Engineer: 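First, the structure itself, so that you have it in front of you.
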Amino acid sequence: MSSEPSRTIFITTSIPYVNARPHVGFALELILADATARYFRAQGHEVRFQTGTDDNSLKNVRAAAEEGVPTRELVGRNVARFRELPGALSLSFDDFVETSSDERHRTAVEKLWTACANRGDIYKKAYRGLYCVGCEQFYTDTELVEGACRDHRTRPEIVEEENYFFRLERYASELLGRIESGQIKIAPARYRNEALAFIKAGLTDFSISRSRARAGDWGLPVPGDPEQIIYVWFDALCNYISGLGYGKPGPLFQKYWQDPSRRIHLLGKGVTRFHCVYWPAILLSAGLPLPTEINVHGYLTVDGVKISKSLGNGPDPATVAERHGKDALRYYLLRHIRAGQDGDFSLERLARAHDSDLADQLGNLVSRTLAMVGRYRDGVVPAAGLLEPIDDRLATEAGALASRIGEAMDQLRPDAALDALFGFFEAANKYVTDAAPWDWSKRCDRATTAAEKAAADSRLSTILYILVESIRVGAELLGPFLPETSAEILSQLGIPPPGSGTGTGAGTRFGKYPPHFVTKRGKILFPKSA
RNA sequence: GCCGGAGUAGCUCAGUCGGCUAGAGCAGGCGUUUCAUACGCGCCGGGUCGGGGGUUCGAUUCCCUCCUCCGGCACCA
C-alpha cells in the first residue's frame with residue numbers, strides 16, 4: 001500500500017439562523033460534517049471543520065420582535081443552544097463562528113466587501129419595491145394576495161431606496177465553466193443541474209445592502225456608509241473564510257483556504273443557489289479560491305410532517321440524543337437518511353434501528369465474542385492457528401472493508417460507508433454460527449488423545465482470534481461515525497485508546513493486532529429498553 | 001406555466017450501456033442453534049416495477065402521453 005501524501009481539507013456546515021433552538025434537521029448536517037471530518041482525520045489528513053451561526057439574519061430580528069426582547073438577547077440565548085451541541089452529539093468541530101459577535105467575522109466581511117468594491121463589482125442603485133410597513137418587508141407581486149399583504153391586509157406602498165448591488169452578471173460565464181468542468185463539484189447532480197440552469201437563464205446583479213431601517217438596525221454596516229447594512233447573505237457566506245482569519249490573513253487562511261486540497265461545503269438543499277452561484281461569484285471578484293465541493297443534503301420530515309422552525313415541531317437533538325443515545329441518533333441520521341435525499345425522522349424508526357442494528361447485530365456480536373473469549377480463554381485473546389477457508393473469507397472481507405468505506409467517503413456518502421460496515425458485522429455473526437466455536441470447545445473436553453485435544457484447541461483459538469480481530473477492525477472503522485461506541489468496543493477488547501497504541505491507517509488492517517492482550521468485558525452496548 | 005426529480009414487495013429503498021425465474025434491509029410467519037443483549041442463523045416476498053400507448057425478438061430500464069407527489073425558476077438546515 002503506497003501511503004498517500006497528507007493533504008489538508010477544509011470542511012464546513014452552513015450556518016443556521018438562530019431565531020429558534022436547533023432541531024434535528026440541522027443536527028443532520030452537523031453530524032454528516034462531523035463524520036466526514038473525523039473520517040478524513042483518521043485517514044491522516046489535516047482537517048479543519050468549522051461551523052457557526054448566522055446571527056445577522058432578519059429572521060432573528062423578527063423573532064425577537066415577536067417575543068418582545070432585544071435581538072441581541074434572543075440571538076445570545078439561541079446561540080448558546082447551538083453551542084451545546086458538540087457535547088450532546090459528539091461533534092468535533094475546530095471552530096465556531098458567531099457572525100454577530102466574532103471580531104474575526106466583522107473584519108473579514110469588511111475586507112471581502114472592500115475587495116469586491118476595489119474590483120469594481122459593487123455599485124449603488126435605486127431599489128424600488130412594494131413595502132409593507134407592518135411587516136417591515138418588501139414583497140413581490142406574487143407574494144401578495146390580491147395586491148395586499150396577507151398578514152396585514154393592507155396594500156404595500158411603493159418605496160424606493162438606494163442599495164448597493166453586486167455585479168453578478170459579470171461572472172456568469174466563469175461560473176458556468178467552473179461548474180461544468182467540475183472544478184466545483186456539486187452533488188447530487190440535480191443540484192448541479194439546477195445551478196447551471198439558473199446561470200444559463202441569465203444572472204442579474206443582486207442587492208447586497210439594506211437601509212438601516214429596513215434591516216431593523218441589526219447587522220454589519222457597509223464600510224464607509226453606516227446608513228446601509230450589508231445584506232445577510234453576503235455577510236453569512238463570508239463566515240467560511242472569516243473563521244480562517246481572512247480579515248487578517250495568516251497561516252491558517254493560507255493553509256485551509258489558499259492551499260488545501262479540498263474545500264468542502266455541506267448544506268441543505270434550500271440554500272444551494274447562494275453557495276453554487278453567489279458565493280463563488282463573490283470569491284471570484286475578491287480574487288480568492290473557490291470551494292471544490294458543494295455537498296447538498298435533503299430535508300427531514302418528522303413523522304412525515306415538514307419541520308418548521310417557526311412551528312417548533314422539530315425534535316431537539318440534544319434531548320433525543322440524551323434519551324436514545326448519541327450514537328444511536330448519529331447512526332440513524334448517517335445511515336438511514338440516504339445521502340442527498342429527503343428523509344423521515346421518527347422515534348419509532350430510531351428505536352428500531354437502535355434495537356435491530358445496533359443492539360442485536362453489533363452489540364450482541366461484541367457481547368457473545370467477549371463472553372466466549374472469557375469462558376474459553378480466561379479473557380486472553382489467543383493466537384490463530386492455520387486458517388481454514390471460512391476464516392479466510394471473513395479475514396478477506398475485513399481486509400477489504402477500509403477501501404470500501406474509503407470509496408463511499410470519497411463521495412461523501414456516510415450512508416454507503418455504514419452499509420458496508422454493518423454488512424460486515426452481519427457476516428461476522430454468520431461466521432460465528434458457521435464456525436461454531438462452542439463445538440470445538442466440547443470436542444476439546446471430550447478428546448481422548450492429546451493430539452485430538454490440541455487440534456480442537458487450536459481450532460477454537462483460531463476462531464476466537466478471527467472474531468476478535470474482525471470486531472477490532474470494524475470498531476476502528478466505526479470511529480468516525482459512532483465515536484463513543486468505537487472507543488467502548490476497543491476498550492473492551494483491551495486495546496489502548498488512540499494516541500497510545502494502535503494508531504491510524506494501519507490499525508484498520510486485519511491481522512495486525514497481536515494476540516495475548518486481555519479483554520475487559522464492559523457495559524452492555526445499546527441496552528434495549530423493553 | 002417553464003425546467004428538473006420521484007412514483008418498484010406492509011415500511012424504507014437498490015436496480016449499471018434494455019435481456020437469466022425483478023432485489024436488499026426492516027416489519028411479519030415458520031424453523032433452528034445456544035456463545036450472546038429472548039440476541040444469532042436458515043427458510044418464506046407470486047409485487048399489473050404509477051396508468052395508457054409506442055419502439056424492439058424482448059423494457060422497470062428507450063420514446064410519447066396522462067395522473068400523483070416533490071423541488072427549482074420568486075432571499076427557508
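Note that the coordinates shown come from a computational prediction; the quantities given were computed from them, not determined experimentally. Here is the naming used below: chain letters follow the sequence lines, and residue numbers restart at 1 for every chain.
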Engineer: If you only use heavy atoms from C-beta on, which nucleotide in B:G25, B:U37, B:C76 is closest to the side chain of A:Phe274?
Structural biologist: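 The listed nucleotide nearest to A:Phe274's side chain is B:C76.
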Engineer: Provide the distance between the two C1' atoms, one in B:U16 and one in B:C62, to the nearest whole Å.
Structural biologist: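 Pairwise C1' distance, B:U16 against B:C62, rounds to 15 Å.
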Engineer: In whole angstroms, how far is the C1' atom of B:C75 from the CG atom of A:Asp54?
Structural biologist: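 Distance, rounded to whole Å: 12 Å.
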Engineer: By the 4.0 Å heavy-atom rule, please label A:Phe526 as base, sugar-phosphate, or nothing.
Structural biologist: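 Base contact - A:Phe526 has a heavy atom under 4.0 Å of at least one base atom.
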Engineer: Considering only atom C1', compute the distance from B:A74 to B:C3 and round it to an integer number of Å.
Structural biologist: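 The answer is 14 Å between these two C1' atoms.
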Engineer: Of the listed nucleotides (B:U37, B:G40, B:U12), which one gets closest to any side-chain atom of A:Ala359?
Structural biologist: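 The answer is B:U37.
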Engineer: Might you work through the side chain to side chain donor-acceptor pair (under 3.5 Å) test for A:Asn60 and A:Thr71, ending with a clear yes or no?
Structural biologist: CA-CA 7 Å; A:Asn60 301 336; A:Thr71 306; over 6 Å; no
Engineer: Given Watson-Crick or G-U pairs with both distances under 3.5 Å, what dot-bracket string fits RNA chain B, with | for other-strand pairs and [ ] for crossing?
Structural biologist: (((((((..((((.....[...)))).(((((.......))))).....(((((..]....))))))))))))....
Engineer: Could you check whether A:Leu300 gets within reach of a base, just the sugar-phosphate, or nothing at all, counting any heavy atom under 4.0 Å?
Structural biologist: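 Counting heavy atoms under 4.0 Å across all strands, the contact made by A:Leu300 includes a base.
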Engineer: With rounding to whole Å, what would you report as the distance between B:U8 and B:G51 at their P atoms?
Structural biologist: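 To the nearest whole Å, 10 Å.
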Engineer: Base, sugar-phosphate, or nothing for A:Asn193, non-hydrogen atoms under 4.0 angstrom?
Structural biologist: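 Result for A:Asn193 = nothing.
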Engineer: By the 4.0 Å heavy-atom rule, please label A:Val271 as base, sugar-phosphate, or nothing.
Structural biologist: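 Result for A:Val271 = sugar-phosphate.
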Engineer: Let me know which of A:Tyr240, A:Tyr191, A:Phe10 forms a ring pair (Phe, Tyr, Trp, His ring centres under 6.0 Å) with A:His265.
Structural biologist: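 The residue from A:Tyr240, A:Tyr191, A:Phe10 that satisfies ring pair (Phe, Tyr, Trp, His ring centres under 6.0 Å) with A:His265 turns out to be A:Tyr240.
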Engineer: Mind calculating the distance between CG (A:Asp439) and P (B:C41) to the nearest angstrom?
Structural biologist: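 Taking CG of A:Asp439 and P of B:C41, I get 17 Å after rounding.
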Engineer: Which part of the nucleic acid does A:Tyr376 contact within heavy-atom distance under 4.0 Å: base, sugar-phosphate only, or nothing?
Structural biologist: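 Sugar-phosphate, no base atom in range.
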Engineer: Write down the protein N/O and nucleotide N/O pairs, taken from nucleotides 13-17 of chain B, whose separation is under 3.5 Å; answer none if there are no such pairs.
Structural biologist:
{"residue": "B:A14", "atom": "OP1", "partner": "A:Gln341", "partner atom": "NE2", "Å": "2.7"}

Engineer: Atom CE of A:Met372 and atom C1' of B:U37: how far apart are they, to the nearest Å?
Structural biologist: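 Distance, rounded to whole Å: 14 Å.
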Engineer: Are A:Phe198 and B:G72 stacked, counting the six-membered base ring, centres under 5.5 Å, planes under 30°?
Structural biologist: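 It does not: the two rings, one from A:Phe198 and one from B:G72, miss the stacking criterion.
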Engineer: Name the nucleic acid region contacted by A:Ala371, choosing base, sugar-phosphate or nothing; use a 4.0 angstrom heavy-atom cut-off, strictly under.
Structural biologist: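 Sugar-phosphate, no base atom in range.
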Engineer: Under 4.0 Å, heavy atoms only, any strand: does A:Ser367 hit a base, just the sugar-phosphate, or nothing?
Structural biologist: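 Contact class for A:Ser367: base.
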Engineer: Mind calculating the distance between CG (A:Asp360) and P (B:A38) to the nearest angstrom?
Structural biologist: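 The answer, rounded to whole Å, is 9 Å.
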Engineer: Taking only side-chain nitrogens and oxygens of A:Lys200, does any of them come within less than 4.0 Å of OP1 or OP2 of B:C3?
Structural biologist: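 Looking at the OP1 and OP2 atoms of B:C3, neither is under 4.0 Å from any side-chain N or O of A:Lys200.
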Engineer: Using salt bridge (Lys or Arg N to Asp or Glu O under 4.0 Å) as the criterion, point out the one residue from A:Arg192, A:Lys200, A:Lys185 that pairs with A:Glu180.
Structural biologist: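 So, applying the salt bridge (Lys or Arg N to Asp or Glu O under 4.0 Å) to A:Glu180 and each of A:Arg192, A:Lys200, A:Lys185, only A:Lys200 qualifies.
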Engineer: Starting from C1' on B:U12, measure out to CZ on A:Arg352 and report it in whole angstrom.
Structural biologist: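 From A:Arg352 CZ to B:U12 C1': 9 Å.
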Engineer: Counting heavy atoms from C-beta on, name the nucleotide in B:U37, B:A36, B:G42 closest to the side chain of A:Lys430.
Structural biologist: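 Comparing B:U37, B:A36, B:G42 against the side chain of A:Lys430, the answer is B:G42.
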Engineer: Give me the one residue out of A:Thr519, A:Leu525, A:Thr369 that meets side chain to side chain contact (heavy atoms under 4.5 Å, CB included) with A:Gln492.
Structural biologist: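 Output: one option passes, namely A:Leu525.
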Engineer: Measuring only the C1' atom in each nucleotide, how far is B:C69 from B:G31? A whole number of Å is fine.
Structural biologist: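 Going atom to atom, C1' in each nucleotide, I get 42 Å.
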Engineer: On a whole-Å scale, what distance lies between the P atoms belonging to B:U65 and B:C75?
Structural biologist: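 30 Å, rounded to whole Å.
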Engineer: To the nearest Å, give me how far apart CG (A:Leu203) and C1' (B:A74) are.
Structural biologist: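 These atoms are roughly 15 Å apart.
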Engineer: Between A:Glu160 (side chain) and A:Ala126 (backbone), is there a donor-acceptor pair under 3.5 Å?
Structural biologist: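 Answer holds: no.
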Engineer: So A:Glu194 and A:Val296, do their side chains get closer than 4.5 Å, heavy atoms only?
Structural biologist: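 Result no, sub-4.5 Å side-chain heavy-atom pair not found.
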Engineer: For A:Arg323, I'd like to know if atom CZ has over 12 heavy atoms of other residues, nucleotides or ligands within 6.0 Å.
Structural biologist: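 Result for CZ/A:Arg323: open.
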Engineer: Let me know the distance between CG of A:Leu421 and C1' of B:G25, rounded to the nearest Å.
Structural biologist: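 To the nearest whole Å, that distance equals 16 Å.
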Engineer: Please step through side chain to side chain donor-acceptor pair (under 3.5 Å) for the pair A:Ser346 and A:Asp344, ending with a clear verdict.
Structural biologist: CA-CA 6 Å; A:Ser346 83; A:Asp344 189 51; 4.8 Å; no
Engineer: Per the ring pair (Phe, Tyr, Trp, His ring centres under 6.0 Å) rule, which among A:Trp113, A:Tyr231, A:Tyr123 passes with A:Tyr164?
Structural biologist: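 Of the listed residues A:Trp113, A:Tyr231, A:Tyr123, the ring pair (Phe, Tyr, Trp, His ring centres under 6.0 Å) partner of A:Tyr164 is A:Trp113.
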Engineer: Out of B:U12, B:C70, B:U34, which has the shortest distance to the side chain of A:Trp438?
Structural biologist: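 Closest nucleotide among those given: B:U34.
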Engineer: Rounded to whole angstroms, how far apart are CZ on A:Arg349 and C1' on B:G25?
Structural biologist: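 Answer to the nearest Å: 12 Å.
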Engineer: When you compare B:C67 with B:G25, how far apart are their P atoms, in angstrom units rounded to a whole number?
Structural biologist: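 Roughly 38 Å separates the two P atoms.
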Engineer: Please check this pair: side chain of A:Asp342 against backbone of A:Gly298, looking for a donor-acceptor N/O pair closer than 3.5 Å.
Structural biologist: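 Side chain of A:Asp342 to backbone of A:Gly298, a donor-acceptor pair under 3.5 Å: no, none is there.
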Engineer: Using a cut-off of 6.0 Å, state whether more than 12 heavy atoms not belonging to A:Arg190 lie near its atom CZ.
Structural biologist: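 Yes, enclosed.
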Engineer: A:Ser356 has a side chain; which of B:C26, B:C76, B:C41 sits nearest to it?
Structural biologist: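 Nearest to the side-chain atoms of A:Ser356, counting from C-beta on, is B:C26.
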Engineer: May I ask you to verify if any side-chain N or O of A:Lys528 is less than 4.0 angstrom from the OP1 or OP2 atom of B:C39?
Structural biologist: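 Yes, within the criterion.
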Engineer: For the side chain of A:Arg368, starting at C-beta, report the closest nucleotide among B:A36, B:A77, B:U34.
Structural biologist: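 Selected nucleotide (nearest to the side chain): B:A36.
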Engineer: Looking only at side-chain atoms of A:Ile524, point me to the closest of B:U37, B:A36, B:C76.
Structural biologist: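 Output: B:U37.
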Engineer: Considering only atom P, compute the distance from B:C41 to B:A77 and round it to an integer number of Å.
Structural biologist: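 The answer is 42 Å between these two P atoms.
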Engineer: The test is side-chain contact (heavy atoms from CB on, under 4.5 Å); show your working for A:Leu334 and A:Leu32 and say whether it passes.
Structural biologist: CA-CA 6 Å; A:Leu334 289 171; A:Leu32 284 170; 3.9 Å; yes
Engineer: With a 4.0 Å cut-off on heavy atoms, is A:Arg210 in touch with a base, just the backbone sugar-phosphate, or nothing at all?
Structural biologist: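 A:Arg210: base contact, heavy atoms under 4.0 Å.
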Engineer: If you count the non-hydrogen atoms of other residues, nucleotides and ligands that lie under 6.0 Å from CD in A:Glu84, is the total more than 12?
Structural biologist: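 Atom CD in A:Glu84 is packed in, count exceeds 12.
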Engineer: Please state whether the phosphate of B:A6, meaning OP1 or OP2, lies under 4.0 angstrom from any side-chain nitrogen or oxygen of A:Arg190.
Structural biologist: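 Indeed not, no polar side-chain atom of A:Arg190 lies that close.
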Engineer: Taking the nucleotide of RNA chain B with the closest heavy atom to each, which residue, A:His336 or A:Ala201, is nearer the 5' end?
Structural biologist: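 First, find each residue's nearest nucleotide; the 5'-ward one identifies A:His336.
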Engineer: Considering only B:A77, B:C76, B:C35, which nucleotide approaches the side chain of A:His297 most closely?
Structural biologist: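 Ranking B:A77, B:C76, B:C35 by closest atom to the A:His297 side chain puts B:A77 first.
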Engineer: Distance between the C1' atoms of B:C66 and B:C30, in whole angstroms?
Structural biologist: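 Approximately 44 Å lies between the C1' atom of B:C66 and that of B:C30.
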